[in-house]
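Structure first, then comments.
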Amino acid sequence: MSMLTDLGGQIMESRHSFDINPALYTRTQSLFDAKRRKLPPDAVERLAREVVERLAEKRDVLNGRVAALPPAVTNPELVNTFCDILLAPDASIALRFLEESLSPVVAERGDLYGYIAAASRQLGDRWDADEVTYLQVTLAVGKLYAVVRSVGASRDAEYVDPNPRKYAVFANVPGEQHTLGVSVAAEVFRDAGWEISLQLDRSHAELVDCVSANRPAVIGLSLSSPMGLDPLVRLVIALRLALPTIIIAVAGGDDTDEDTLRTLVDLDLVITNAEQAQSDLSRILSLEATA
């Protein structure tokens, strides 16, 4: 039986078979809010569409297994209430609804994803019908994404690999023209015993499909200029939704602000040199295996 720490710090018994991580929910929702405030409106709209469309189609990807679920049976009244709560100003209400209203009617994480997908579809329908404002939609999408991250980013102990494979996909951010740095980094990692799939000049969709199909432990992304920040933010969100447990590392160019990367992008590691990155990633993999 899992446990939930509420926003006030109290430990509460959980009635479902998946873990809820309130700290990760708060952090992810805050990161999405930072994106909403700092990125151009058209970039934020692309992010919101990415989340809504991917979650509306989401199938259960649980602990490294891909399972096509039968259509989930959802309570329309609960879906409607979930959507209303996502549109409400108070970000904490969504977690309360998850614990108090949804957890009694879902048995597995996949059942929960049925409600998430249904709420996402309804949110998209309301958006397309101009029933909600741009501000409401972007705030709601941030909370919906944070909910998915808070229930999908940890692995159940029975599925954790005690000897995680050092396998990574390395790629340049879509639209970036400079590939020498990421190519050199791939060779350095290979020399250190890593298996690296180098994906150069791939589109957003191609990279997401590659990660979904090959399921690497790590994806390393090269950002050569601040112009690639918007595509990077969108790609990271899509990768988190495609494979919640993946470790995401980014190497920025000389004129990339590391603080911006850390505060705006949902990353696990900012790479400053390949040797240190190997050590840091090995440590993260070891921690995941023993968590």
Side-chain angles (χ1 to χ4, degrees), residues 6-8 20-58 72 74-103 105-106 111-153 204 208 229-242 244 260 263-266:
D6 71 11
L7 298 182
I20 303 173
N21 187 331
L24 184 57
Y25 172 86
T26 301
R27 175 180 176 273
T28 304
Q29 197 276 327
S30 297
L31 280 169
F32 200 96
D33 192 50
K35 297 173 178 58
R36 187 182 59 81
R37 289 183 280 105
K38 294 183 181 180
L39 295 177
D42 60 336
V44 176
E45 182 170 347
R46 285 193 295 271
L47 287 180
R49 288 287 181 190
E50 183 88 34
V51 174
V52 167
E53 290 171 6
R54 287 191 179 276
L55 290 182
E57 301 173 344
K58 190 168 183 64
T74 55
N75 181 320
E77 198 172 306
L78 273 179
V79 172
N80 189 63
T81 301
F82 190 16
C83 201
D84 288 340
I85 283 174
L86 291 168
L87 289 162
D90 188 349
S92 67
I93 299 177
L95 273 190
R96 287 292 184 188
F97 179 77
L98 180 66
E99 174 63 20
E100 296 173 5
S101 299
L102 282 186
S103 65
V105 299
V106 299
D111 300 327
L112 174 62
Y113 281 155
Y115 278 92
I116 289 171
S120 186
R121 284 191 292 270
Q122 186 178 132
L123 183 61
D125 290 343
R126 293 190 194 187
W127 189 1
D128 291 336
D130 293 324
E131 295 176 4
V132 291
T133 67
Y134 170 82
L135 176 61
Q136 286 177 307
V137 166
T138 55
L139 288 172
V141 167
K143 284 177 273 190
L144 188 60
Y145 174 62
V147 164
V148 175
R149 289 281 287 128
S150 69
V151 299
H204 174 90
V208 176
L229 185 60
D230 291 358
L232 171 65
V233 168
R234 180 174 168 236
L235 178 61
V236 167
I237 281 181
L239 293 171
R240 293 291 190 200
L241 294 177
T260 298
T263 58
L264 196 62
V265 189
D266 190 3

Ignoring hydrogens, what is the shortest heavy-atom contact between [X] and [Y]? Give both atom names and the distance.
| X | Y | answer |
| --- | --- | --- |
| Arg149 | Pro244 | NH1-O, 3.8 Å |
| Lys143 | Ala91 | CD-CA, 3.6 Å |
| Leu241 | Val51 | CD1-CA, 4.0 Å |
| Ala242 | Val208 | CB-CG1, 4.1 Å |
| Ser120 | Ala56 | OG-N, 3.6 Å |
| Trp127 | Ala48 | CH2-CB, 3.6 Å |

Exactly one of Thr81, Leu139, Val141, Leu144 clears side chain to side chain contact (heavy atoms under 4.5 Å, CB included) with Leu86, and that residue is Leu144
Using the side-chain contact (heavy atoms from CB on, under 4.5 Å) rule, take Val265 and Leu229 through it: C-alpha gap first, then chi angles, then the decisive distance, then the call. CA-CA 9 Å; Val265 189; Leu229 185 60; 4.1 Å; yes
Look only at the side chain of [X] and the backbone of [Y], and say whether a donor-acceptor pair between them is shorter than 3.5 Å.
| X | Y | result |
| --- | --- | --- |
| Arg240 | Asp266 | yes |
| Tyr134 | Pro41 | yes |
| Thr28 | Tyr25 | no |
| Tyr115 | Asn75 | yes |

Return the [atom1] to [atom2] distance between [X] and [Y], rounded to the nearest 0.5 Å.
| X | Y | atom1 | atom2 | result |
| --- | --- | --- | --- | --- |
| Gln29 | Ser92 | CD | OG | 10.0 Å |
| Leu31 | Thr26 | CG | OG1 | 11.0 Å |
| Ile237 | Leu232 | CD1 | CG | 10.0 Å |
| Leu55 | Glu50 | CG | CD | 10.0 Å |

Start with the C-alpha gap between Leu87 and Leu123, add the side-chain angles, then the distance that decides, and say whether side-chain contact (heavy atoms from CB on, under 4.5 Å) holds. CA-CA 9 Å; Leu87 289 162; Leu123 183 61; 3.8 Å; yes
Using a strict 4.0 Å threshold on nitrogen-to-oxygen distance, state whether [X] and [Y] make a salt bridge.
| X | Y | value |
| --- | --- | --- |
| Arg49 | Asp128 | yes |
| Asp125 | Arg121 | no |
| Glu100 | Arg96 | yes |
| Asp230 | Arg234 | no |
| Asp84 | Arg126 | yes |

Do Thr263 and Lys38 have side chains that get closer than 4.5 Å, going by heavy atoms? yes
Do Val44 and Lys35 touch side chain to side chain, with heavy atoms closer than 4.5 Å? no
Please work out whether the ring planes of Phe32 and Tyr145 are parallel, tilted or perpendicular, with thresholds of 30° and 60°. tilted
Given the rule in the side-chain contact (heavy atoms from CB on, under 4.5 Å) test, do Ile20 and Leu98 qualify, once you have shown the distances and angles that lead to the verdict? CA-CA 9 Å; Ile20 303 173; Leu98 180 66; 3.8 Å; yes
